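Report on the following structure.
Only a predicted model underlies this, so the values are computations on that prediction, with no experimental measurement involved. Within every chain, numbering begins at 1; the chains are lettered A, B, ... in the order of the sequence lines, protein sequences first and strands thereafter.
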Protein chains: 2
Amino acid sequence: MGHGTDGMIPTVASEPAVDAVARTMHALATPSRVHLLLRLRTGPRTVGELVDDVGMEQSAVSHQLRVLRHLGLVVGDRDGRQIRYRLHDDHVAQLLDEAVFHVEHLTSGLTDTPGLTDA
Amino acid sequence: MGHGTDGMIPTVASEPAVDAVARTMHALATPSRVHLLLRLRTGPRTVGELVDDVGMEQSAVSHQLRVLRHLGLVVGDRDGRQIRYRLHDDHVAQLLDEAVFHVEHLTSGLTDTPGLTDA
DNA sequence: CACACCTATGAACGCTCGTTCATACTTTCA
DNA sequence: TGAAAGTATGAACGAGCGTTCATAGGTGTG
């Protein structure tokens with residue numbers, strides 16, 4: 001059972017929502033950001049720790065963290081001269097888990113030619 | 001695709017899964033595809049119908065449908081000289097609903113400056 | 001105050017990707 | 001079989017984006 005639109009089916013789903021979905025899902029459309037988010041899902045980490053975890057440069061990590069910040073997915077708290085990042089709330093963690101879950105359970109029935117179930 | 005590591009709790013989430021998530025979520029990272037998917041969520045539609053629904057050219061629709069097909073999110077069944085597309089399964093519909101749900105409930109606590117909860 | 005440490009920012013480059021234009025393919029009908 | 005309808009495909013162009021390089025901003029320490 002899914003939450004969300006229980007019962008009522010979105011006949012067309014408001015147009016504005018379309019852009020909002022695309023914009024937010026954009027955060028999960030890049031390996032580097034997914035990597036960072038999954039890392040933060042295990043708990044708060046400083047930028048330096050994240051740099052060590054994923055194989056990215058400090059600048060790249062900072063840039064991506066800014067993107068995630070603007071999307072409201074992560075929050076940074078200053079601790080001394082370093083900044084500790086964390087997922088914004090459980091909502092984000094849940095979204096992450098579901099993304100991973102769905103991907104791992106996608107019936108891989110890829111199709112190359114339309115009109116056929118497989119080819 | 002292979003699940004390299006065991007099927008355990010995502011303490012760190014296997015590296016390969018990261019790319020898989022990013023690749024699939026990529027489908028939801030563009031307004032045009034979200035539009036098409038949400039439309040298909042209300043039931044099967046032919047390409048022509050989709051063209052009328054969303055404000056895209058036939059070619060663009062066909063191109064995006066191909067992307068969604070390769071990702072295993074939609075399936076096309078030939079019906080006469082037109083092809084009727086539909087979501088691959090309930091899984092995809094659920095993923096869509098959850099995406100919309102989460103976006104609509106994202107505590108919009110955007111932050112521009114790190115180290116501060118708001119500014 | 002000067003310096004090292006940590007993180008953020010801006011510019012630039014390369015690449016990916018979505019769209020458009022033109023065309024080919026498949027199916028139906030006369 | 002020739003034509004029209006419906007859809008797919010390839011090339012090309014432009015925009016958006018992720019990375020790197022260089023540098024600035026802020027923080028603690030001696």
Side-chain angles (χ1 to χ4, degrees), chain A residues 18-19 21-37 39-40 44-71 73-86 111-116 119, chain B residues 18-19 21-37 40 44-71 73-86 110-116 119:
Chain A
V18 172
D19 285 359
V21 169
R23 211 177 319 119
T24 296
M25 288 305 138
H26 193 62
L28 302 180
T30 288
S32 63
R33 283 194 292 267
V34 173
H35 212 137
L36 289 173
L37 287 173
R39 200 65 182 177
L40 289 177
R45 310 275 289 177
T46 68
V47 178
E49 290 172 332
L50 289 174
V51 169
D52 289 341
D53 292 339
V54 309
M56 306 169 56
E57 289 200 355
Q58 181 271 324
S59 179
V61 171
S62 197
H63 276 300
Q64 298 305 334
L65 285 176
R66 185 160 74 118
V67 173
L68 296 176
R69 235 165 48 216
H70 284 130
L71 285 171
L73 298 180
V74 304
V75 183
D77 307 292
R78 168 144 260 150
D79 179 24
R81 54 185 162 189
Q82 47 196 8
I83 296 184
R84 196 174 313 277
Y85 276 89
R86 60 175 214 270
T111 303
D112 197 15
T113 44
L116 291 173
Chain B
V18 172
D19 286 359
V21 170
R23 212 177 317 119
T24 296
M25 289 304 137
H26 194 61
L28 301 180
T30 287
S32 65
R33 282 194 291 267
V34 173
H35 213 136
L36 290 173
L37 287 173
L40 289 177
R45 310 275 288 176
T46 67
V47 177
E49 291 172 332
L50 289 174
V51 170
D52 290 341
D53 292 339
V54 310
M56 305 170 57
E57 289 199 356
Q58 180 271 323
S59 179
V61 170
S62 198
H63 276 300
Q64 299 305 334
L65 285 175
R66 185 159 76 116
V67 173
L68 296 175
R69 235 165 49 216
H70 284 132
L71 286 171
L73 298 180
V74 304
V75 183
D77 307 294
R78 168 145 260 150
D79 178 23
R81 54 183 160 190
Q82 48 196 7
I83 297 184
R84 193 174 314 278
Y85 276 88
R86 62 176 213 271
L110 305 187
T111 303
D112 196 17
T113 43
L116 291 173

Side chains of A:Leu50 and A:Leu40: closer than 4.5 Å at any heavy-atom pair?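 Side-chain contact under 4.5 Å: yes.
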Mind checking whether A:Tyr85 and A:Val75 have side chains closer than 4.5 Å, heavy atoms only?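 In short, these two side chains do not touch, never coming nearer than 4.5 Å.
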Those residues of residues 26-33 of chain B lying under 4.0 Å from DNA chain D by at least one heavy atom: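 Contacts with DNA chain D under 4.0 Å: none.
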Expressed as a whole number of angstroms, how long is the span from [X]:[atom1] to [N]:[atom2]?
{"X": "A:Leu50", "N": "C:dT7", "atom1": "CG", "atom2": "C1'", "result": "12 Å"}
{"X": "A:His35", "N": "D:dT19", "atom1": "NE2", "atom2": "C1'", "result": "16 Å"}
{"X": "B:Glu49", "N": "D:dA5", "atom1": "CD", "atom2": "P", "result": "18 Å"}
{"X": "B:Arg84", "N": "C:dT27", "atom1": "CZ", "atom2": "P", "result": "16 Å"}
{"X": "B:Asp77", "N": "C:dT27", "atom1": "CG", "atom2": "P", "result": "14 Å"}
{"X": "B:Leu71", "N": "C:dG18", "atom1": "CG", "atom2": "P", "result": "10 Å"}
{"X": "B:Ile83", "N": "C:dC25", "atom1": "CD1", "atom2": "P", "result": "16 Å"}
{"X": "B:Met25", "N": "C:dC17", "atom1": "CE", "atom2": "P", "result": "16 Å"}

Could you run through nucleotides 21-30 of chain D and give me one letter per nucleotide, 5' to 3': B if any protein heavy atom sits under 4.0 Å from the base, S if only the sugar-phosphate is that close, - if neither? BB---SBS--
Ignoring backbone atoms, test whether A:Tyr85 places a side-chain nitrogen or oxygen under 4.0 Å from the OP1 or OP2 oxygen of C:dA8.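 Checking A:Tyr85 against C:dA8: at least one side-chain N or O falls below 4.0 Å of OP1 or OP2.
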For [X], what residues pass the side chain to side chain contact (heavy atoms under 4.5 Å, CB included) criterion, not counting sequence neighbours?
{"X": "B:Ala60", "value": "B:Met56"}
{"X": "A:Glu49", "value": "A:Arg45, A:Thr46, A:Arg84"}
{"X": "A:Val51", "value": "A:Val47, A:Gln58, A:Val61"}

Mind checking salt bridge (charged side-chain N to carboxylate O under 4.0 Å, His left out) for B:Arg86 and listing every partner two or more places apart, or none if nothing turns up?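 Partners of B:Arg86 under the salt bridge (charged side-chain N to carboxylate O under 4.0 Å, His left out) test: B:Asp77.
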If only atom types and distance count, is the side chain of A:His70 paired as donor or acceptor with the main-chain N or O of A:Arg66 below 3.5 Å?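 Judged by distance alone, yes, a pair lies under 3.5 Å.
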Could you please name the option among D:dG10, C:dA8, C:dT7 that lies closest to any side-chain atom of B:Arg66?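 The closest nucleotide is D:dG10.
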Would you mind telling me which of B:Val34, B:Leu36, B:Val54, B:Leu37 makes a side chain to side chain contact (heavy atoms under 4.5 Å, CB included) with A:Val18?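 Going through B:Val34, B:Leu36, B:Val54, B:Leu37 one by one, the side chain to side chain contact (heavy atoms under 4.5 Å, CB included) with A:Val18 is satisfied by B:Val34 alone.
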Per the side chain to side chain donor-acceptor pair (under 3.5 Å) rule, what does the pair list look like for residues 24-34 of chain A, sequence neighbours excluded?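 Output for this query lists A:Thr30-A:Arg33, A:Arg33-A:Gln64.
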